[in-house]
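Before any comments, here is the structure.
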Amino acid sequence: MKIDYEKKLNEEQLKVIKDGDGYVLVLSGPGSGKTRTLTFRVAYLLETGTSPENILLLTFTKKAASEMLTRIESLIGPEANRVLGGTFHHVGNYYLRKYGHLLGYDRNYTILDQEDSKNLIKLIVDEIDTENDLPNAKVVQRIISLATNSNQSVLKTAELSSDSAREKLEVVEKRYQKRKKKNNLMDYDDLLTNWLELFQNPDLKKKMSARFKYVLVDEYQDTNAIQDKLLESLSSHHGNLMVVGDDSQSIYSFRAAEIKNILNFSKKYPAKVFKLETNYRSTPEILGLANCIIQNNKSKLDKSLKATKEEGRNPVMACLTSPKEQSRFIVRKLSREEINPASSAVLFRAHYHAAGLELELAKEGISYVVRGGTRFFEQVHVKDISAFLKLLVNFQDEPSWIRVLKKQKGVGDAYARRATDVITGFENKGDLFSNRSLVSESLPTKVTPKVEEVLDLMIKADKEESIEKVLKRLLDSWYKDKLKSDFENPAERLDDLKQIAMLSEDYDDLREMLSDFALSEEFEVSESGSGALTLSTIHQAKGLEWENVFIISLKEGKFPHKKSVEENLIEEERRLFYVAVTRCKKNLFLTYPVFEKHGSSGPSRFLREVEDYLMESWEEDYEDEEGEEEIELIDEDDFDFF
């Protein structure tokens, strides 16, 4: 039985299905059915006589490929199983198993996963970095991977302070590449770079490109330089390349994605351009806001989302006095009104924006899940600093002493435990501080300087007047360098730790604050899909949707992020806001706090760019029926921010 394409597809999708030969760019807005369009295009090719072996379907996740192929099979039948579909890495591995010997690899090469790759890099770092100039192996791994995918040198993707470290990094990278080749190993990035190298052989290039009469690509806006060159080679024989994507949802430049690939596609090839602008997800009011947002970008391809849903309510903008009031506003909406947490999400630019909200949710007993990450107070760097703060309250806290001491280079578990036994043997902090030499005497001389540094830091921190000053001392004298050496994203982690200082403003007692942190950690967080509220960075939320969405901390310096402003990445930040808005089906809330520790700041420029009639501004006080404490919403016009 043949597929009734006219019945199952809208007019925009049908044009793609039936006129998709040649070089084709399909601009697919959010919620417009791009997956449906791709799967029906493959089904149409099969139904009209194209052999499954002559079709290549490339995606960015194994799950996406599996879902598409399953859908195609339901439309066409088991012959769909003969279509080669998968990630770029999957298909690269397929060809390298066949032809890798031409590059000097045995066909039985081993693929290094992320952990194996990191361990190999660590071996090499340990061989040459006796002075500990380099960051840890995981950070070095990220630097090498980013350099590979962006086609740059490692020095351009690394932030290293000394010439010695830069020289060592180049040595590590060269040895890593040689060690892999010598031991018949490839990492994930090699599956792309080595596959691309195979195309340098003219006969092999012709053979590989001649097989696939049709090449179809999902999420084209996320391709990097290597992937784009692969597509150019794969389509060189037949000239049938269909790429589906949305330049307005290109948000992964930090992973080496190149928006210019999609922006320049029609300049590079004699391409047809189709637009999927009919949106099946959101109300007209939400789409009106989304269209208005993205029009402020100069580097974009024109399209305008059109709604199929009936009219709803305008997105709400709530201007609140403080981050705490912002959190209370969201909790009240979820707990006192008919907004189901299970069909709702809170989205944010950076994880630390939701730290106070996690505390409020735990206090109120509202179940939540953090998508694609760890709860704020369970992150390693937050727990490290919390451990130090706990010692200011209770110097006999053994687990916290062990944790803090083990963070010092050269102090392992055994030495940390030995030092902790001596430290906790004192009756009070005064005795410990005046007799700290006894701690040093209990340890080998090679580790005593590190333990003494911790004790010195503890003595100085104990005299500080505020948590903020304690944190500044910790960061300046110890942990800021540790962030750079131990973590892939030190700037973001530093923002997290600064947030602890912000949270401390709401507490008169350090004990009370640490108790709330602990209760938040112990609060039972539901698994995804079990009826819980979703908390997510916007990057992690791409491709998902919810009935109700809160986008929080929409103020200058936070969203857009200050670093993006400094590095002239405003347009990608605006695309990120566009992605966040288009996750929402029905009720959209945009919130920002005015007053914080370091003074007032205004709403995000993205809010100021929106026409007033597109948003409903909430300015009145909000009070529930039981007369509980008001949540103060304020009139933004009362403040001359700009």
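Not counting sequence neighbours, N264 has no partner by the side chain to side chain donor-acceptor pair (under 3.5 Å) test. With sequence neighbours excluded, no residue forms a salt bridge (charged side-chain N to carboxylate O under 4.0 Å, His left out) with E258. Legend: residues meeting salt bridge (charged side-chain N to carboxylate O under 4.0 Å, His left out) with E6, ordered by chain and number and at least two apart, are K18.
Residues I17 and T37 share a closest heavy-atom pair of CD1-O, 3.2 Å.
Atom CD of E277 sits about 5.0 Å away from atom NZ of K306, to the nearest 0.5 Å. Within the model, atoms CD of E573 and CD1 of I251 stand 10.0 Å from one another, a figure rounded to the nearest 0.5 Å.
Exactly one of K181, K180, R179 qualifies for a salt bridge (Lys or Arg N to Asp or Glu O under 4.0 Å) with D187. That residue is K180. Of the listed residues (S32, S28, S248), just one forms a side-chain hydrogen bond (donor to acceptor under 3.5 Å, both in side chains) with K303, and that residue is S248. None of N93, N183, D190 except one satisfies the side-chain contact (heavy atoms from CB on, under 4.5 Å) rule with Y109; the exception is N93. Here the rule is side-chain contact (heavy atoms from CB on, under 4.5 Å) with F88, and of V217, N224, L191, T59 only V217 fits it.
Between D163 and R166, at least one side-chain nitrogen of the basic residue sits less than 4.0 Å from a carboxylate oxygen of the acidic one, meeting the salt-bridge criterion. Electrostatic pairing of K542 and E219 counts as a salt bridge here, judged by a charged N lying under 4.0 Å from a carboxylate O. Classification of D495 and K562 as a salt-bridged pair holds, one side-chain N sitting under 4.0 Å from a carboxylate O. With salt bridges taken as basic N to acidic carboxylate O contacts below 4.0 Å, none links E571 and K300.
Of the possible donor and acceptor atoms, one in the side chain of N149 sits under 3.5 Å from a partner among the backbone N and O of S145. Side chain of Q379 to backbone of F376: a donor-acceptor contact under 3.5 angstrom is found. Checking side-chain atoms of S282 against main-chain N and O of C584 turns up a donor-acceptor pair under 3.5 Å. Under the 3.5 Å distance criterion, the side-chain polar atoms of T223 are matched with a main-chain donor or acceptor of Y220. Between the side chain of R82 and the backbone N or O of E53, no donor-acceptor pair lies under 3.5 Å. A distance-only check finds no donor-acceptor pair linking the side chain of E197 to the backbone of L103 [under 3.5 Å]. Using modelled atom types, no side-chain atom of K268 and backbone atom of E232 make a donor-acceptor pair closer than 3.5 Å. In this structure, R371 contributes its side chain and Q540 its backbone to a donor-acceptor pair below 3.5 Å. A donor-acceptor pair under 3.5 Å is formed between the side chain of E572 and the backbone N or O of S253. A side-chain donor-acceptor contact under 3.5 Å links N279 to the backbone of R281.
Contact check for Y214 versus D21: side-chain heavy atoms found under the 4.5 Å cut-off.
Note: Y23 and Y269 have parallel aromatic rings, judged against thresholds of 30 and 60 degrees for the angle between ring planes. H351 and F348 have parallel rings, their planes meeting at less than 30° on a 0 to 90° scale where 60° marks the start of perpendicular. Between F254 and H539, the ring-plane angle classifies as perpendicular under the 30° and 60° cut-offs.
Around atom NZ of K207, no more than 12 heavy atoms belonging to other residues, nucleotides or ligands sit under 6.0 Å away.
With 3.5 Å as the limit, one finds no donor-acceptor pair spanning the side chains of Q177 and K174. No side-chain donor from either of T50 and Y44 sits under 3.5 Å from a side-chain acceptor of the other. Looking only at atom types and distance, the side chain of Y188 has no donor-acceptor partner in the side chain of D113 under 3.5 Å away.
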Q) Going through the checks in order, is the salt bridge (Lys or Arg N to Asp or Glu O under 4.0 Å) test met by R493 and D486? A) CA-CA 11 Å; R493 306 263 180 169; D486 287 8; over 6 Å; no
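A cation-pi contact, defined as under 6.0 Å to the ring centre and within 45° of the axis, is absent between R36 and Y280.
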